[in-house]
Amino acid sequence: MFQFFKNGQKLLGMNARNLEFIRPYNLRRAKRLADDKLLSKRILKKNGVGVPRLLAKITTIEDLENFDWQTLPNSFALKPNRGFGGEGIIVVYGKKKNRTDAWIKADRSLITIEDLRSHVRNILDGSFSLSNTPDTAFFEERLQLLKLFKPYSYKGIPDIRIIVFNKVPIMAMLRLPTKESHGKANLQQGAVGAGIDMATGVTTTAIQGKNKFIEKIPGTEISVSGLRIPYWKDILTLAVKSQEISKLGFLGVDVAIDKDHGPVILELNARPGLSIQVANLAGLAERLKRVSGLKVKTIARGVRMGMDLFGGEIEEELEEISGRRVIGTIEKVRLTGKNGKTVEVEAKIDTGAGYTSISTELAKKLGYEKTVEAYEKITHTYAELQLLSKLERWDIYKDIPDIATTVIVHSSHGTTYRPTIRITMTMHGWIIPTKVTLIDRTHLKYPIIIGNKNLGRFLIDVTK
Amino acid sequence: METTLSPLIQSFILTGVPVETIILILMLPIIATLIAFLRQVVGIKAFGIYTPLIITFAFLATNGLRYGVALFLVILFVGMLMRFMLKPFRLLYLPRVAIMLTVVALFILFFLVLGGTVQRTGLASVSIFPIVIMITLVEKFVSVQIEKGDKTALILAFETLIISIAGFYIASWSFLQISLLAHPWLILFTIPVNIIIGKWTGLRVSEYIRFRNILKKI
């Protein structure tokens, strides 16, 4: 029960989403861009990002009166510009034979010009827009379903939702239209949402609707998991790129794959939903925390980080077999020092070092100011200390407050005596109480180097 | 009760402001805070803050809770019924709501007359103010119905009803009324309370329910 509530911290809830992510990272102007599909389409296209081609738009009643319906191709999608949740979208697949005034919808029912006109009127009236404000209707090309997805989706076209934060793709979900959702890739209406392993683009766990876990595509014997999404890296790159263009710091990107044109951006979402967490069986809050504050310089780097940080399946398998955790060469660690003082820092993992060492600066932050002060007063060099007996040496050091032991450290700077102090490290969820040596490392990049003595329970992946 | 009035309230009453009105106005921030709390911490959405608040007041103004609830249910019933009936006509939004309002108005009239004939005079003498307020519920209901569907609209309406009933009981709690009349500045406490609620970033109770499966698994 306690674990149940503790896990709550890993999940992103509505309150935190709005207050900690949408409010500070999605400025009003950027949000306006996302809410205006035509505008975002134009801007994305201008920046070289693929979007479905715009066929025509209807802004006013006069436009509607004068609209030449015969200019429309055999298949198209009619959408409200400011629609949300996939409402108000009509997709037609072909013209009815021998008729110029009717098209066929996904469910084989007919839709006439008169029906379309009435629908456009409703769109203009704002029936599908946020807060019912008057809206624009537009027609765009219908995307062609990829053969690979055919057995997985009912009538409509699947899309991929990717959450991007701080230029890193955080989490993704494949949305598959079902009979219940009437061919729409909308979870609320009963579509299937499949979690995706970020490293490989392979689907993992899945839900239907908002909360029902499933293993097979409804009505079939096809397993939802194990589907490898093509163009995976390109899709992530597109997603991060559209974040850069839209300047939405916390963004939900919807990508679809067209048979001929490959991945295209369907729309940008400034208020991405939270069900993606259920589909992935993973918390957004936890992942967001891991990338916040990182300086991601390029799109490629961001994509790489997303794949490395949040693609865990294969590693997990390895971890299960070996009973060890896979870590990279740079890891976040939490250090607890005197009187419970806690600092979180990035540590360098160095298998060439024996003891873990921390900088005197860091030691001060952990509550060992006095230790550092006393240590810095000792000016004996190694050459001098070497001549002394063990006891005599200890006499020099023993008055340092909170000292645990002294050790001999051989490093590239030569051999030194260093005092050690006791701290507790938490890395990847493992709590490691240990003795660490002190060193003046102000000239070095990382305030802590974790050495062999504390790495027994980890496997190091140098590409991470 | 007279003896515990704060001097400020006493002076208000002397200028002719009715005590009932003062109580209602002092209750407003309390009910509003309750609604904010229920939304942000518990996760009961209802129709925003305004609708449950004003329905609470409508309940307070009808003669007893049951008539208020009865009116509420009549309106919902007609809302559902009319949506079903108007569907084939494919009307635009405002005309559709106008028809809905007409039918609701007729139904309420019928309802009041019915109350009169079965000697439920309390119902027939309900003032126009709460009735009009309740009718505004129709628009809210219809717009949610269109945007999110019948099920969501019904759930939100039900939540609104629950909140309004809770609000009704709080606002008619005599201990609270007396305390507020004695210490009207107490309502200022709702501001820090709302600041805390406004900064609350934890999961809502409803989200613990929504995410229960993954909370068990991660």
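Letters A, B, ... mirror the listed sequences (proteins, then strands); counts begin at 1.
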Run the salt bridge (charged side-chain N to carboxylate O under 4.0 Å, His left out) test against A:Arg82 and tell me which residues pass, sequence neighbours left out. A:Asp36
Which portion of [X] sits near chain B, non-hydrogen atoms under 4.5 angstrom:
{"X": "A:Thr205", "result": "neither"}
{"X": "A:Asp125", "result": "side chain"}
{"X": "A:Ala282", "result": "backbone"}
{"X": "A:Gln277", "result": "both"}

Tell me if the [atom1] atom of [X] is crowded by more than 12 foreign heavy atoms within 6.0 Å.
{"X": "A:Glu215", "atom1": "CD", "value": "no"}
{"X": "B:Lys45", "atom1": "NZ", "value": "no"}
{"X": "A:Lys332", "atom1": "NZ", "value": "yes"}
{"X": "B:Phe110", "atom1": "CZ", "value": "no"}

Kindly give the heavy-atom pair with the smallest separation between A:Ala16 and B:Thr201, and that separation in Å. CB-O, 3.3 Å
Starting from the C-alpha separation in whole Å, work towards a yes-or-no answer on side-chain contact (heavy atoms from CB on, under 4.5 Å) for A:Leu274 and B:Glu207. CA-CA 10 Å; A:Leu274 303 173; B:Glu207 284 169 337; 4.0 Å; yes
Roughly how far, to the nearest 0.5 Å, is the CG atom of B:Leu215 from the CG atom of A:Leu11?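 It is 5.0 Å, given to the nearest 0.5 Å.
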Would you check, one step at a time, whether the test side-chain contact (heavy atoms from CB on, under 4.5 Å) holds for B:Asn213 with A:Val278? CA-CA 8 Å; B:Asn213 288 327; A:Val278 190; 5.7 Å; no
Given the options B:Arg39, B:Arg212, B:Lys216, which has more heavy-atom pairs under 4.5 Å with chain A than any of the others?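 Answer, by heavy-atom pair count under 4.5 Å with chain A: B:Arg212.
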Please report the C-alpha distance between B:Ile214 and A:Phe213 in whole Å, then the side-chain angles of each, then the deciding distance to 0.1 Å, and finally whether the side-chain contact (heavy atoms from CB on, under 4.5 Å) criterion is met. CA-CA 10 Å; B:Ile214 73 168; A:Phe213 285 93; 3.8 Å; yes
Chain A contact via B:Gln40 - side chain, backbone, both or neither, heavy atoms under 4.5 Å: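 For B:Gln40, heavy atoms of backbone and side chain both lie under 4.5 Å from chain A.
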Chain A contact via B:Arg210 - which portion, at a heavy-atom distance below 4.5 Å: both
Do you know which of A:Met14, A:Arg121, A:Lys10 has the most heavy-atom pairs under 4.5 Å to chain B?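 Ranked by heavy-atom pairs under 4.5 Å with chain B, first place is A:Met14.
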